[in-house]
Amino acid sequence: MTNQTLLIKNIDFLLTMDGHHREIQNGGLFIRNGFIEQVGFSSDLPQTADEIFDFSGHVVLPGFINTHHHFYQTLTRAVPAAQNSNLFNWLKTLYPIWARMNPDDIRISTQTALAELALSGCTTASDHLYLFPNGSLLDDEINAASEVGLRLHASRGSMSLGESNGGLPPDSVVDSEEHILNDSQRLIQRYHDGTPGSMVQIVLAPCSPFSVTGELMRESAKMAREYHVQLHTHLAETQDEEVFCLQKFGYRPVGYMQSVDWVGNDVWFAHSVHINTEEIKVFANEGCGVAHCPSSNMRLGSGIAPIMDYLTAGVKVGLGVDGSASNDSSHLMAEARQAMLLARLRAGLLGASLSGDDSPSLFSARNAIEVATRGGASVLGRNDIGSLEVGKCADFIAIDLNRLDFAGALHDPIAALLFCHPQKVDWNFVHGKAVVKNGILANLDLDLLIRTHNLAAKRLLQS
Ligand SMILES: [Zn+2]
């Protein structure tokens, strides 16, 4: 590897999110070959490097980590027939539209979602692709993502329990379990890289309790543990799902996961809204992580996840924009704001006194940023990202503070990022390489992508 150095100097406010949550005024980063070699005051760092950026007037913080998404759903945002339904009816409306997708649609939607994520501060994105219609493969997503430059945790999703066997999805979009497992093994062997600085990891991700069998859950867990890859699925998203699990399996969702060997440090669940105190203890004791998706939970009327309770109990919590058909956005900075506001609303609804000297502290902007950075890294099982510390990957974002949206809020520029209207980033670096430069995506022709994407979305809705 070449010996490439990068100096970021004169940062107004540097939020490291290290173990001491250090915030440094007039800070800097010195980077070698994509890894951070020094963090500190700008004046204490080497003054020369192969590349130098002066970020005076900017705030710099670790890149955000998205722990749950379905990139392909950017093609079906705001579909009229699915605007006002809860999860099960929303899914039933959209499954037949998604069944028309082809490999090109997967490629286009991957780049659209990643473009939005990159511009809104994301440096590592997890995606959950669980439909493979008309010859589509997870490879289409992985190849398209490699052109954008973000780290990708590609979850090989699956659905095997069709309507005729008591599942929710139509039989036309489910697959045989033998094929799912063979393809999962192929993908791990071909793409998974578990080393520090890894750009692609494979995750095994049967879709949800109502779309796969217990047998596929067990077999997926066995394979994931053999290859040391993570496991991911939707869990306890709605009350409908809870009723389904009790009727079909005789367990609440978490009990069902325990029965199929799906608890552990290598498992993270999307949503986990309808969870009781005992189940929170199970997550904490077993090391299961949660991908909190506040916009989607509000959009589909699913409920409010108890993230303060999770964090108090020691459960790993990350942030996810969820699929773009239930958000209908991939703006990760905006999602952090939603997490902050929704946690406050829940505290208020539960009767926490919001005034007086003994009132509990509300979920802060820094709490939300911690979930979106360090929290996400722990949920994805990574210790090389999520904070700006010596030895970690140089994944960071920079935002110019001199803009209308922050006027009057510069007493605390970190909090301003979420208290004020969430912005797009000006710079986004992944492994020391800029994927957003001065607010422009470095590796994509955005105008062309938007045109192509809109044509693909129109075709899906019209066919
Ligand atoms: Zn989802």
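In listed order, ligands and their atoms are each counted from 1. Along the sequence shown, the residues carry numbers beginning at 1. The model shown is predicted, which means the values in this text are computed figures rather than measured ones.
Residue contact annotation: H128 places no N/O/S atom under 2.8 Å from the Zn ion (ligand 1). Put simply, H68 gets within reach of the Zn ion (ligand 1), with an N, O or S atom under 2.8 Å from it. Among the atoms of E237, no N, O or S atom is found under 2.8 Å from the Zn ion (ligand 1). Residue H234 counts as close to the Zn ion (ligand 1), with an N, O or S atom under 2.8 Å.
Relative to the six-membered ring of Y130, R156 misses at least one condition, a distance below 6.0 Å or an angle of at most 45° to the axis.
Restricting D322 to its N, O or S atoms, the one at the least distance from the Zn ion (ligand 1) is OD1.
Residues I36 and C393 share a closest heavy-atom pair of CD1-O, 3.7 Å. Considering all non-hydrogen atoms of both residues, Q185 and M223 come closest at N-SD, 3.7 Å. Taking each heavy atom of T373 and I65 in turn, the nearest pair found is O-CD1, 3.3 Å.
Salt bridge status for D426 with R403: present, with a side-chain N to carboxylate O gap under 4.0 Å.
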